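Here's a structure for you.
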Amino acid sequence: MVIYIFRRLLYAIPVLFVISILVFVTIHLPPGDPISKLLENMRLQQNITFSQQDLDMMRARYGLDDPIPIQYVKWIGNILLHGDFGYSFTKRAPSEQVISDLLGMTIAVSVASLIFTWVVALPIGILSAVKQYSFADYFFSFVGLIGLAIPSFLMALIILYLGVSVGKVSLTGLFSSPEIEHAPWDLAKIGDLLKHLWLPMVIIGTSGTAGLIRILRANLLDELHKPYVDTARAKGMPEWRILLKYPLRHAMNPFVSGFAYLLPGLVAGEAIVAQILNLQTEGPALLNALLNLDVFLAAGFLLILSLLTVIGTLISDILLAWLDPRIRYGN
Amino acid sequence: MTVPQMPQRAATDVPTELAETETRFEVASQWQLIWWKFRKHRLAVISLWVVVALYIISFFAGFFAPKTADPSNLQTPRYTPPGYAEQSRYVNAPPMPIYWIDDGVFAPYVYGYKKSRDPKTLEETFVIDYDRKIKLGFFVRGDIYMVGLHGIPISPLNNLKVTWDVHFFGPINPADPFYPFGADDVGRDMLSRLIYASQVSLSVGLVGVVLSMLLGVFLGGLSGLIGGWLDNLIQRMIEILRSIPDIPLWMALAVAVPPKTDPVLVYFGITIILSLLRWTDMARVVRGRFLSLREEDFILAAKLDGVPTRRIVMRHMVPSFMSHIIASMTLAIPGMILGESALSFLGIGLRAPVVSWGVMLNKAINVADIAQLPWMLLPGAAIFITILVYNFLGDGLRDATDPYH
């Protein structure tokens, strides 16, 4: 097991390396130059004009005249050696500081959505499989398909609309007021966060839930008709125990590996839903950084979001190996 | 001699019918078998018809839309549609309910709007003007439009130079306002815009899926056929691509498509971006099929007969998993449509003057607006219906092509 975990960890390194190259190249694709964009913004806001000399000085300062491979090596080197993600032109702060400010909320929303997905999908999946073709099975299959077909951003819009028109409440944001948001963490703040967290959790989690219910139902149906289930039943084992002890454990297998493909989807869904719900997470900040050619901040965000999913995949692989000895001892 | 034959005939009389249906199945081609199985899936068959209807409406958008999509941006020179001057009076007008029966006869009509001030808030509101009855009809003469894919920014397709003015349904007098789904923020008819927008929204899915299929089949095929280090490399590449969250990467790539360029480039840029991340599923399916087919007896037989590899692949392997590819393509289309809508909704995908459902939804990004103008969410309903029917259709196709269930 230890060897397996070690091997998986080692394998994650080249993956992250390739992702970092991809991210860096992608960020440098847009035409235009971050410094001229920055100076242009400053000119518009504060009416300060800059000379070509200032521009060249800034470019040299941030190494923007180097060829892309050299820039990449400097960038990744600074991240690995000093934890320095580069300077954010729009936020006027080190990128790593901006990212870490938002990272906690991003993880909180993603993990909450993941838990929602599991908690909802597990009982419904079991129910649909055990009571196949029952009213509940049809009902949840139908709701699941609807959930799959509604884009998360559309669902967010509809819920916000209902909130405003029916309930006369604004459901945006993660905290009730900016004062609470900037207050130090205490029980009241956590309570306030939980009061707002359920909405993004439900919206982001729903599409994943529908997919997971279908997988669990199909897997469980395959297992339920195998002879070992009949044997257990013939020996007089209680129905619930048969279910939980054997077939469910088999069917849970893809449930855990689903973690690996669920997570990128959750992070991606979060990026767009956060935009509408006005959440202080990485999604809206990334879009803003991209639009303003804030290259270092945008690259940092993309890298961190990818890192999150790679770590998620790693955890799911390890869980799977723990659950299923065939993976541990196989090739 | 004939005597022993008689009972034999009598005995086989009943089973012949069975045998006939059996031989029908035995001689049926793979596609026929798939079609028979597909037909049993009611929801999928209905969805197939809905998809066909959507594409027909979309292809003949000018005919099915009661008005032009964007009168201010007409490509027909020196043409102002009748009623254009009045358009500004109907900014953000709510949907007009259609009354089908007038005085006991079938004669559809709507009432016009007049503006009045709310006595409490002094806000301008639309009030139904019962004095103005706008008569509607089928196959009426209205705005002049160009036949063809007017909404798609590819010049030969939207510039056929064939114009017509007959509309499927609309006001009998072309100058009359008609807003069955409400008006947008410059007084354009939402229904007409929805229909024109479907040209882009529905085609992005198709074009994107074909691109990702080409990539997926090529790379997946290489992976499955040649194997070895190449297989390893492609598999690792797929794993890496799958571990990057798609929407953030799409956002980064979409920003790289300069907004001021030719709409054609933006359209293809966005489509290529969508397919760049979505070919991986296709490649996995193809690779899996190649690997399992390699072990089949009929492939071995072909090899022993000295059939060249290229012919084995094109003639024996590809046809045997074509149906699977079509099923996975159908299931991949909703993701593409969703991706385009999401990017355009955020304002980094397609932009006006190109009109797609995502571009239209972009107007609804402000919550305060949708509370006042809920019909701005209608493009979302169009996206929802399209994705739903494609999912049903894809499910039906997948079940029909799976020989083990």
Side-chain angles (χ1 to χ4, degrees), chain A residues 11-12 14-16 18-19 22-23 26-32 145-146 148-155 157-158 160-161 163-165 170-172 260-261 263-272 275-278 282-283 286-287 290-291 293 298-299 301-302 305-306 308-310 312-313, chain B residues 43 236-237 239-258 260-261 273 277 334-335 337-339 341-343 345-348 357-358 361 364-374 376-377 379-381 383-392 395 405:
Chain A
Y11 172 69
V15 170
L16 279 174
V18 176
I19 287 179
L22 260 176
V23 162
T26 311
I27 290 301
H28 284 83
L29 281 178
L145 275 169
I146 302 276
L148 263 183
I150 297 189
S152 56
F153 69 93
L154 190 63
M155 183 139 87
L157 278 177
I158 292 172
L160 285 187
Y161 165 67
V164 174
S165 67
S170 169
L171 296 167
T172 53
Y261 68 74
L263 206 64
L266 289 178
V267 172
E270 194 271 335
I272 183 162
Q275 197 80 32
I276 300 158
L277 293 181
N278 193 19
E282 314 240 329
L286 168 67
L287 182 61
L290 285 169
L291 288 175
L293 293 178
F301 275 138
L302 271 182
L305 289 180
S306 308
L308 276 184
T309 52
V310 170
T313 316
Chain B
L43 216 47
R236 295 293 88 77
M237 202 156 85
E239 270 169 41
I240 289 169
L241 276 179
R242 286 174 75 98
S243 68
I244 304 178
D246 52 3
I247 290 181
L249 193 63
W250 275 341
M251 276 163 40
L253 289 167
V255 171
V257 180
K260 295 243 167 59
T261 44
I273 287 169
L277 283 187
I337 294 177
L338 213 59
S341 311
L343 289 179
F345 171 71
L346 287 178
I348 50 176
W357 291 333
L361 260 188
I365 204 162
N366 192 339
V367 183
D369 283 355
I370 46 171
Q372 300 296 316
L373 319 164
M376 287 296 187
L377 285 176
I383 295 172
F384 169 69
I385 291 169
T386 310
I387 291 176
L388 196 64
V389 292
Y390 261 122
N391 273 333
F392 282 137
D395 268 356
H405 283 94

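Bear in mind the structure is a predicted one, so any value in this text is a computation, not a measurement.
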Looking at A/I276, A/L287, A/L291, which one forms a side-chain contact (heavy atoms from CB on, under 4.5 Å) with B/L346?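 The residue from A/I276, A/L287, A/L291 that satisfies side-chain contact (heavy atoms from CB on, under 4.5 Å) with B/L346 turns out to be A/L287.
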Toward chain A, the part of B/L361 with a non-hydrogen atom under 4.5 Å: side chain
Show the nearest heavy-atom pair for residues A/L305 and B/P248, with the distance to one decimal. CD1-CG, 3.8 Å
Between A/A271 and chain B, which part of the residue has a heavy atom less than 4.5 Å away: side chain, backbone, both or neither?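 Side chain of A/A271 only, per the 4.5 Å heavy-atom cut-off to chain B.
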Non-hydrogen atoms of A/L29 and B/A256 that approach each other most closely: CB-CB, 3.6 Å
Interchain contact, A/L302 with chain B, by part (heavy-atom threshold 4.5 Å): side chain
Drop me the distance from A/S306's OG to B/I240's CD1, to the nearest 0.5 angstrom. 11.0 Å
Partners meeting side-chain hydrogen bond (donor to acceptor under 3.5 Å, both in side chains) with B/D395 (sequence neighbours left out): A/R214, B/R398
Any chance you could measure A/I272, atom CD1, to B/L343, atom CG, to the nearest 0.5 Å? 7.5 Å
Measure across B/A364 and A/L157 and return the closest heavy-atom pair with its distance rounded to 0.1 Å. O-CD2, 3.4 Å
What part of A/F301 gets closer than 4.5 Å to chain B, counting heavy atoms only: side chain, backbone, both or neither?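 It is neither, since no heavy atom gets under 4.5 Å.
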Highest number of heavy-atom pairs under 4.5 Å with chain B: which of A/I146, A/L22, A/I27?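 Heavy-atom pair counts peak at A/I146.
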Tell me, for B/S341 versus chain A, whether the close heavy atoms (under 4.5 Å) come from the side chain, the backbone, both or neither. both
Which region of B/Y390, side chain (C-beta onward) or backbone (N, CA, C, O), has a non-hydrogen atom less than 4.5 Å from a non-hydrogen atom of chain A, or is it both or neither? neither
OH-CE distance between A/Y161 and B/M376, expressed to the nearest 0.5 angstrom: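 With rounding to 0.5 Å, OH (A/Y161) is 12.5 Å from CE (B/M376).
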Using heavy-atom distances under 4.5 Å, tell me whether B/F384 contacts chain A through its side chain, its backbone, both, or neither.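 When you check distances to chain A, atoms from both the backbone and side chain of B/F384 fall under 4.5 Å.
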Give the minimum heavy-atom separation between A/P151 and B/I383, together with the two atoms involved.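 Result for this residue pair: CG-CG2, 3.9 Å.
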With A/I158, which residues qualify under side-chain contact (heavy atoms from CB on, under 4.5 Å), at least two apart? A/L154, A/L162, B/L377
